[in-house]
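Worksheet: one structure, shown below.
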Amino acid sequence: MRFRQVHLDFHTSEAITPIGEKFDKGQFQEMLQLGSVDSITVFSKCHHGWAYHPSEANEIHPGLSFDLLGAQIEAAHEIGVKTPVYLSAGLDEKLAIRHPEWLIRDREDATNWVKGFMDPGYHVICFNTPYLDILLSQIAETLSRYDADGLFLDIVGVKSCYCHSCVATARREGIDPRNAEDMQPLWERTYANYTAKVKETVESVKPGLPIFHNGGHIKRGRRDLAWMNTHLELESLPTGGWGYDHFPLSARYAQTLGMEFLGMTGKFHTTWGEFGGYKHPNALRYEAALSIANGAKCSIGDQLPPNGQMDKATYALIGAAYREVESKEAWCTGTTNVADVAILSLEATGVHPKVKEEGVKSESDVGAIRMLLEGNILFDVIDSEQDFSAYRVLILPDYVAVEGSLQEKLEAYLEQGGKLLATGWSGLDAEAESFVIDFGARLIGRNPYRPDYCRPLFKPGSLEKAAFIFYSQGQKIELQGGTELGRREDPYFNRDVYTFCSHQHTPNSETYGGPGIVKNENGIYIAWNVFDEYAEKGSLILKETVVHALKQLIPDITLDTTLPAQGVVTLQEQKAEKRLVNHLLYATPIRRGKSIEVIEDIIPLHNVEVSVRTDADVKGVYLAPQLTPLPYHFDNGVVSYTVPELDCHQMVVIDYNE
C-alpha cells in the first residue's frame, strides 16, 4: 500500500454529454506529479451505474466515446503511480430504475438512501437479489481486462432489508420477518456471502489483489467484518460530518488489528460530491500528518469534473500536504503504537442492557478519546478480543456491563497487576444490582438526584478545589474498603414544576450524598457517566478528574509534555529500526457555519517540553525529517528534550540500543 493516495470520484449523470472530452494523458500525469501522488483510485463504475470503459457486463456511459479507465491506468502506470479500481457496489441507479424490486426496503416499504423516486438521489440495492451476479460479472470483466492494483467496492455493509427477496428467504427458512432480531442473521449472511463471492471472483482472475469494502465506518468489535478486507481505508472527512474526533478514535482501534490501513479525508470544504469546494492547505497538512502520526497511510478524496480534466488548484492543494508526507515516510513504516491506556470501546461491548432498555445512545467512546487526546495520554481503543495485558490501565467507559468471558478476562488482568478506571454503569452486573469488580464500594442504586455535585478531595488540575456540577445521573454508592477521592453533594431538590430555583438547576445543599470517586487496589471508580457527559457538555472538571485518576493509577506515565490541549501526541515504535518516533501535532479547528469544522491558521508553538520513559538504552535524539540533532537528557530511564518549534507537525526520533 502506498502512502499518498487520491480517491478520485467520478459519479456522472447520463444527462451530461459529452464526458471526458478534455482528458489528456500528459495533463493527468502532470497533476499527479504536482500532487505528489503515488496511488490513485480510478473508476470502472459509478453510483449512476455507468461504466467508464467498453463493457459487456455493464453499459458504457452514453456520453463517453473512449476507454477512460484504460487511459487513466496507462497514464498513471507510466509514471509509477498505482491504480486501485473503484466499482460502486451498493448503488447502481441505472439498475435501480429498471429493477426496483431489487432495492433495499425498510419496514414501511421505503427505499434508502432516498425514500422513493420523486426526490433526487440514489437507491441502495440488496445483495440477496439477482443484482449480486451482475456485480460479480462486472468485477470479473474489469479485473480481467485492466491492470488494476486493487479493488475498492463502495456503499456496502450489513443492511436491514425487508425487500421481497429477503422476506421470501426468511419465510422459506421459518423466520418471522416482523421480528428484526430474527432477521439479523439473514442480513449478516447476505453481506458475508457477498464478500465471499467477491473474493472468490477476484482470486479467480487476480489472486492476492487487495480488496476493500467501504461502508463508511469500521465497526469496533466486529473483527470478522474488518477481516473481510485485505486492508482498511478509514473514511473520515472532518468537514463532512465526521469531525476531527473521528479519525483518532477509528485509527487507534484499527492499528490494534494488525492490518495495513489508511486515513481517507477529502480536499472538499464540505464532503463527497462537492464541486468547487476547497479546504485551506493547512487543513490537509494537518489531516495528512494526523494519519501518519497514528500509523496510517493517507488518502485524499477528489472528484473529476465531467470533462475529464484534472483540476490544477486541487493538485496544488494536495501536493502541499503530500510533499511533507513524502519527506516523512521513512519514519512511518512498520510502526506499532505505544500506549499506557486502552479504552474498551463501548461500541464493541454494547451498552449496558439496563440502559439499552431505555434507548440510551451513548457518545462515551467519543468523550473518552477527547479527554485522552487533550490530556496527552498515550492510548489505544480496543475490543474485548484484544490482549489486555499490554496496557497498564483499562478504561471501561460509562455503560460496560461485566459478565461472562469479559468478566473472566478482567479478573485475569487484575490478577497480573492491571488497573481499571470504570465510570457510571461500568463494572456492574447485567442487572445493575451490584459491582462485579471490587472497587472498594457497594452499589446502593441509581442516584435520585440529577444533576448533582462532586467535590474532589484533590486539586483538579488547572481548577481550584470546589463542588462542581456533574450533569449526568450517576450511581449512588457507599464505601466498602476503598479510599474516597471525591464526595457527592446533593442539590436541595430536583428541578420540578413545584420545586425549581434559578434558570437551570438547583444549587448545592452541601449535604453529603456518599462517595463519588473511590480507589482501591483494582483501580478507580467514578460514579457518573463522565465520558458521555464530556462528549455533550465538554465540562473541564470532567477531564481534569479523569486525567488525575489516570495519573494516580500510572504515576510513572510513559510520556509527559507541555503540549496544549488542542495538540495531539503519539509515540510510534519502529522495532526493526530500533527507534521511537514521537509525533507532535498542533492546530485549532473552529466551527464555520452550523456544523463544519475547519482549520485555517496554524500557529507555531515554541519550546514544547517532552519526556519519554523507556527501558531501552537511548543513543541519540533528532528532529525528522530535518535530521537535526536535538539536545536531550537521559536519566533513570527517562529521556527529556525540548522541541524548539512545532509548525503543524513535528517528529522527534529516539534511537536506542536493545
- Task: Report the C-alpha distance between H633 and V639 in whole Å, list the side-chain angles of each, state the deciding distance to 0.1 Å, and finish with yes or no for side chain to side chain contact (heavy atoms under 4.5 Å, CB included).
- Result: CA-CA 6 Å; H633 178 70; V639 57; over 6 Å; no

- Could you please spell out the steps behind the side chain to side chain contact (heavy atoms under 4.5 Å, CB included) verdict for V643 and N607? CA-CA 5 Å; V643 179; N607 299 322; over 6 Å; no

- side chain to side chain donor-acceptor pair (under 3.5 Å) evaluation trace for H231 with E233: CA-CA 7 Å; H231 65 284; E233 305 196 20; 2.9 Å; yes

- Going through the checks in order, is the side chain to side chain contact (heavy atoms under 4.5 Å, CB included) test met by Y315 and Q33? CA-CA 8 Å; Y315 288 86; Q33 291 168 331; over 6 Å; no

- Would you please test D311 and Y278 for side chain to side chain contact (heavy atoms under 4.5 Å, CB included) and show each step? CA-CA 11 Å; D311 178 49; Y278 301 87; 2.7 Å; yes

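Here CG of L463 is found 9.5 Å from NZ of K543. Values are rounded to the nearest 0.5 Å. Here the CG-CG distance, from N522 to L553, works out to 10.5 Å after rounding to the nearest 0.5 Å. Distance check, rounded to the nearest 0.5 Å: CD of Q566 to CG of L585 gives 12.0 Å. Separating the OH atom in Y641 from the CD atom in E609 is a distance of 12.0 Å, to the nearest 0.5 Å. To the nearest 0.5 Å, atom CZ of residue F531 and atom CE of residue M371 are 5.5 Å apart. Annotation: the span from W272 atom CH2 to D302 atom CG amounts to 9.0 Å, rounded to 0.5 Å.
Panel note: side chain K219, backbone G221; no donor-acceptor pair is recorded below 3.5 Å. Listed for the Q552 side chain is no donor-acceptor partner under 3.5 Å among the backbone atoms of I524. Using a distance-only test at 3.5 Å, with no hydrogens or angles considered, no donor-acceptor pair links the side chain of T562 to the main chain of V608. Between the T230 side chain and the P210 main chain, no donor and acceptor come within less than 3.5 Å of each other. Within the 3.5 Å criterion, the main-chain N or O of F439 finds no donor-acceptor partner in the side chain of K519. At distances below 3.5 Å, at least one donor-acceptor pair connects side-chain atoms of Q574 with backbone N or O atoms of A330. Panel note: side chain D438, backbone G440; a donor-acceptor pair is recorded below 3.5 Å. Judged by distance alone, the side chain of E326 and the main-chain N or O of Y322 form no donor-acceptor pair under 3.5 Å. Remark: side-chain polar atoms of D383 are paired, donor with acceptor, to backbone N or O of Q386 under 3.5 angstrom.
Using a 4.0 Å cut-off between a side-chain N of Lys or Arg and a carboxylate O of Asp or Glu, D380 and R252 qualify as a salt bridge. Ion pairing of E521 with K419 is absent here, as no side-chain N (NZ or NE/NH1/NH2) approaches a carboxylate O to less than 4.0 Å. Look at E329 and R4 and you find a salt bridge, because one of the NZ, NE, NH1 or NH2 atoms lies within 4.0 Å of a carboxylate O, short of that distance. Look at R370 and E374 and you find no salt bridge, because none of the NZ, NE, NH1 or NH2 atoms lies under 4.0 Å from a carboxylate O. Salt-bridge annotation for E287 and K279: present, with a side-chain N of the basic residue lying under 4.0 Å from a carboxylate O of the acidic one. A salt bridge does not link D560 to R613: none of the charged nitrogens lies less than 4.0 Å from a carboxylate oxygen.
Closest non-hydrogen pair, S611 versus V638, comes out as CB-CG1, 3.9 Å. In terms of heavy-atom proximity, T256 sits nearest to Y253 at OG1-O, 2.6 Å. Residue Y656 comes nearest to L580 through the heavy atom pair CE2-N, 4.0 Å, listed as atom of the first residue, atom of the second, then distance. Across all non-hydrogen atoms, the minimal contact from S345 to R220 is OG-NE, 2.9 Å.
Atom NZ of K82 has 12 or fewer neighbouring heavy atoms from other residues, nucleotides or ligands inside a 6.0 Å radius. Enclosure of atom NZ in K575 is not indicated, since only 12 or fewer non-hydrogen atoms of other residues, nucleotides or ligands lie within 6.0 angstrom.
Side-chain contact between Y286 and Y244: present, with at least one pair of heavy atoms (C-beta onward) separated by less than 4.5 Å. I469 places none of its side-chain heavy atoms less than 4.5 Å from the side chain of I541. T423 has its side chain out of reach of L396: every pair of non-hydrogen atoms, C-beta onward, lies at least 4.5 Å apart. For the pair R285/N282, a side-chain contact is recorded, criterion being any heavy-atom separation below 4.5 Å from C-beta on. For the pair F634 and K619, the minimum side-chain heavy-atom distance is 4.5 Å or more. Side-chain contact check for M651 versus C332: some heavy-atom pair is nearer than 4.5 Å. You'll find the side chain of V610 reaches within 4.5 Å of the side chain of L559, heavy atoms only.
Geometric assessment of K537 against the ring of Y471 yields a positive cation-pi assignment under the 6.0 Å and 45° thresholds.
D340 pairs by the salt bridge (charged side-chain N to carboxylate O under 4.0 Å, His left out) definition with R392, not counting sequence neighbours. Applying the side-chain contact (heavy atoms from CB on, under 4.5 Å) rule to W227 yields the partners R223, M259; only residues at least two apart in sequence or on another chain are considered.
The aromatic rings of F212 and F152 sit tilted relative to each other, their planes meeting at an angle between 30° and 60°.
With ring centers used as reference points, H548 lies under 6.0 Å from F458.
Applying the side-chain hydrogen bond (donor to acceptor under 3.5 Å, both in side chains) test between S39 and each of Q5, R2, H7, K297 identifies Q5 as the sole match.
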